[in-house]
2 protein chains.
Amino acid sequence: MAKRLLSFANPVQSVNVSAVTSPLVWEHVQPAAARRLLTGAIDAFAERGFQATTTRDIASRAGMSPAALYVHYPSKERLLFEISLYGHQAALAVLQEAGDRPSPTERLRSMVSSFTAWHAEHHTIARVVQYELAALTPEHFAEVATIRRAISAQIEQVLADGVRDGSFTVEDLPGTTLAVLSLSIDVARWYTPHRTKPEALGSLYGDLALRMVQA
Amino acid sequence: MAKRLLSFANPVQSVNVSAVTSPLVWEHVQPAAARRLLTGAIDAFAERGFQATTTRDIASRAGMSPAALYVHYPSKERLLFEISLYGHQAALAVLQEAGDRPSPTERLRSMVSSFTAWHAEHHTIARVVQYELAALTPEHFAEVATIRRAISAQIEQVLADGVRDGSFTVEDLPGTTLAVLSLSIDVARWYTPHRTKPEALGSLYGDLALRMVQA
DNA sequence: GTCTATAGAGGGATAGAC
DNA sequence: GTCTATCCCTCTATAGAC
C-alpha cells in the first residue's frame, strides 16, 4: 500500500518542518545570531504556535542559551512581530509583482498562482502570518492589518476590473474576493512539501480562480 | 463613512464572541455544570486558542472556581477533545445529510452550501475543530483524524461521480477536493456574525464550487 | 555577545473542608 | 459538587560574571 499523502484527510498534528527555514532569504537580518533566532522562531511558531513555543525552544534551535535571545530581541512577541511584518510585506510584494499584466484574466491567474505558490513555498512563514495574529500587541497588529487591507484590495481590484470590461461574471464582489483569498491562504494550514510542488499548486489554483469568476 | 465590515482586509485580532455559544445545542451534556464548562471552553478556545486559555478562564465563564472543573473533566485537553470530537461528528453529519440528492450537481451545491453555512453558524466550534488539532494527544488526534478522512471522502466522491457522468470537468481530483474543502474551512478563520448570514454565504459558496468544477 | 543562575509571575492540577 | 488554599512546575525576562 502506497504511503498516504498528507492532506485535509490525513492531517499532520504538528507541521513537519523537515525542511528547516532557509537562512539564505534572511541575509538582511544581522548579525547571524539574530538571524538564527528568527529562523528558529519561524519553525517553532509554525510547528507549535506562538503560545506553545518557549523562549528556551527558540534559543536552543539557534544553539544558544535562553538569555542570549534578549540581546537581539526585547521579547518573544517582538520576534513574532518581525516575522509577521516581513511575511506580510513579502506576500504583498509577490501579489504586486504578479499583478503587472494588462488583461484582468491573465492578471488574476498570475496573482492567484503566485500568491498560492508563495503560501506553499513559504508555508512556515505563511502559517505565522495567517494564524498567529492574535498574539500580536494591538499596536503591532494594527501595523500588519494595514498590509492585509492592501492585499485584499489587490484582489478586489482585479475582480472589479474584470467585471467592468466584461471578462468576469461576479455577483458578489466582496464575497468572491474573500473566497479567492481563502483558497490561497488555507494552503498554509495543510501544505507539506511532500505533497505537491508549489508551482503546480499555484497553476491549479490560478485556473480554479478563473473558473470562479467565469472568465 | 459606513462602519467597515470585518473580513480578511479588516481582521479581528481576537474573535468577537459577542454571541456566546448557545447552551441549547448541548443538552445531551449533563449535568448543567459540565455543559457550562464545555460552552465556556468553546468560546475561550475560539477566542484565544487552547494554549492561551487558562483553566481559571474556563471556570470563571462557567461561574465556578478552577477546582470545580476537575470534577467534570480530568484535564483541559479532555475538554478540548470532547469539543473537537463532537464538532467533527456534527460537521460530517451536516455533509452526509446534504449529500442526499441524486444528481452530482445538486449534491455538490447542497454539500458545499451546508458545510459552509455550518462553519459560519458554528464558527466558534469550527475554529476549535479546524485550528486546535495540534493540542490534542496523539490518541485523541487519531480519533478525529478518522472523521476528517470521512469528510474529505464525501467531497472527493461527489466530484468523482460528477466527472464520471460528464457533469463536471476536473483535471486534478485530489487537488480540487482540497480546494473545495478550503473554501468552507477558511470561513472559520474570518467569519463574524455581523458580516453575512450563514445561509447567504453558503449559497454563494455553493455556486462558486459548481463553477470550480465547470458544472 | 554569550553564559549560568535566578527572580517573579502564573498555570495545571490536587487536598481537604463543607 | 463546589469551595479555598496551595503544591509544583514551567515560563519570560533579568542580573551579573566572563
Side-chain angles (χ1 to χ4, degrees), chain A residues 14 23 26-84 128 132 134-140, chain B residues 14 23 26-84 128 132 134-140:
Chain A
S14 61
W26 299 94
E27 276 180 352
H28 63 282
V29 180
Q30 292 291 347
R35 188 165 62 246
R36 290 205 312 276
L37 287 164
L38 197 96
T39 56
I42 291 170
D43 292 337
F45 293 161
E47 213 174 301
R48 316 186 197 285
F50 176 82
Q51 301 284 355
T53 298
T54 67
T55 52
R56 285 169 174 79
D57 182 10
I58 296 167
S60 82
R61 284 175 196 251
M64 296 177 202
S65 74
L69 189 152
Y70 294 90
V71 174
H72 302 284
Y73 301 94
S75 68
K76 190 174 82 156
E77 190 275 340
R78 178 77 200 200
L79 209 33
L80 172 66
F81 172 58
E82 300 212 354
I83 293 163
S84 189
V128 180
E132 302 298 335
L136 293 167
T137 64
E139 293 74 22
H140 288 161
Chain B
S14 62
W26 299 94
E27 274 179 352
H28 63 282
V29 180
Q30 292 291 348
R35 188 165 63 246
R36 291 204 313 276
L37 287 164
L38 197 95
T39 56
I42 291 169
D43 292 337
F45 293 161
E47 213 174 300
R48 317 184 197 287
F50 176 82
Q51 302 285 354
T53 298
T54 67
T55 53
R56 286 164 175 80
D57 181 10
I58 295 167
S60 82
R61 284 176 196 251
M64 296 177 200
S65 74
L69 188 153
Y70 294 89
V71 174
H72 302 284
Y73 301 94
S75 67
K76 188 173 83 156
E77 191 275 340
R78 180 75 201 202
L79 209 33
L80 172 66
F81 172 60
E82 299 212 355
I83 293 162
S84 189
V128 179
E132 301 298 336
L136 294 167
T137 65
E139 293 73 23
H140 289 162

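Lettering follows sequence order; numbering is per chain, from 1.
Aromatic ring pairs are classed by plane angle as parallel below 30°, tilted from 30° to 60° and perpendicular above 60°; the pair A/Phe50 and A/Phe45 is tilted.
Each of D/dC3, D/dC11, C/dA13 was ranked by its minimum atom distance to the side chain of B/Met64; first place goes to D/dC3. In the set C/dA5, C/dG1, D/dT2, the nucleotide with an atom closest to the side chain of A/Pro31 is C/dG1. Relative to the side chain of B/Ser75, the nucleotides C/dA15, C/dA13, D/dG1 differ in distance, and C/dA13 lies closest.
Between the P atom of C/dG10 and the CG atom of B/Asp57 lies a distance of 15 Å, rounded to the nearest Å. Computed from coordinates, the B/Arg36 CZ to D/dT2 C1' distance equals 11 Å when rounded to whole Å. Here the C1' atom of nucleotide C/dG11 and the CG atom of B/Leu69 are 13 Å apart, to the nearest Å. Put simply, CZ on A/Arg56 is 11 Å from C1' on C/dA5, counting in whole angstrom units. Between A/Glu77 atom CD and D/dT12 atom P there is a gap of 13 Å when expressed in whole angstrom units. As a whole-Å value, the separation of A/Ile58 CD1 from D/dC11 C1' is 12 Å. Note: NE2 (B/His72) to C1' (D/dC3) measures 12 Å, nearest angstrom. Remark: P of D/dG1 and OH of B/Tyr73 are 12 Å apart, rounded to the nearest angstrom.
Phosphate contact (OP1/OP2 of C/dT14, side-chain N/O of B/Tyr70, threshold under 4.0 Å): absent. Close to D/dT12, at under 4.0 Å from its OP1 or OP2, lies a side-chain N or O of A/Thr55.
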Exercise for review: Determine, stepwise, if the pair B/Ile83 / B/Glu132 fulfils side-chain contact (heavy atoms from CB on, under 4.5 Å).
Suggested key: CA-CA 10 Å; B/Ile83 293 162; B/Glu132 301 298 336; over 6 Å; no

Exercise for review: Please lay out, stage by stage, how A/Phe81 and A/Thr137 fare under the test side-chain contact (heavy atoms from CB on, under 4.5 Å).
Suggested key: CA-CA 9 Å; A/Phe81 172 58; A/Thr137 64; over 6 Å; no

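Counting non-hydrogen atoms under 4.0 angstrom, A/Ala68 reaches the backbone sugars and phosphates but no base. Contacts of B/Thr54 with the nucleic acid, taken as non-hydrogen atoms under 4.0 Å apart, involve only primed sugar atoms and P, OP1 or OP2.
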